[in-house]
Amino acid sequence: MNQTLTRPLAVVTGASSGIGYELAKQFAQNGFDLVVTALMPGLTDTNFFHRAGMDGW
């Protein structure tokens, strides 16, 4: 039997700042895979998430 572990997925829009940013941070810190959209170009850089304390990137 092939068992795979799956992680929950969160889709967050507006992850540049405010509520969207905080939601993305909380989801990431709690083991979710993320799909984010944002107006701030720096969010495409995974180092942004490391600096924000979002591990697992």
Side-chain angles (χ1 to χ4, degrees):
M1 180 154 95
N2 183 9
Q3 292 183 327
T4 59
L5 297 176
T6 58
R7 294 173 15 159
L9 175 67
V11 178
V12 180
T13 61
S16 301
S17 62
I19 294 170
Y21 172 81
E22 291 300 324
L23 283 171
K25 189 163 82 169
Q26 289 297 313
F27 284 132
Q29 290 173 343
N30 286 287
F32 281 68
D33 286 332
L34 290 176
V35 175
V36 297
T37 64
L39 294 177
M40 189 172 83
L43 276 177
T44 60
D45 178 5
T46 57
N47 287 326
F48 172 84
F49 292 100
H50 287 293
R51 289 189 303 272
M54 299 180 205
D55 295 328
W57 290 85

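Every heavy atom of this structure was used, including side-chain atoms; hydrogens, water molecules and symmetry mates were not.
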Original post:
Cluster question for you: counting only ILVMFWY and a side-chain heavy-atom cut-off of under 4.5 Å, with indirect links fine, are Leu9 and Leu23 together?
Top reply: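 No, Leu9 and Leu23 fall in different hydrophobic clusters.
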Original post:
Are Ile19 and Val35 linked, directly or through other ILVMFWY residues, by side chains that come within less than 4.5 angstrom of each other?
Top reply: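 Hydrophobic grouping puts Ile19 apart from Val35.
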Original post:
Which distance, rounded to the nearest 0.5 Å, do you find between the CG of Leu34 and the CZ of Arg7?
Top reply: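 Rounded to the nearest 0.5 Å, the CG-CZ separation comes out at 8.5 Å.
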**OP:** Identify the heavy atoms of Ala15 and Ala24 that sit nearest to each other, and give their distance.
**Re:**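 Shortest heavy-atom separation between Ala15 and Ala24 comes out as CB-CB, 4.3 Å.
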**OP:** Heavy atoms only: give me the nearest Ser16-Tyr21 pair and the separation to one decimal.
**Re:**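 Distance-wise, the nearest heavy atoms are C-CB, 4.1 Å.
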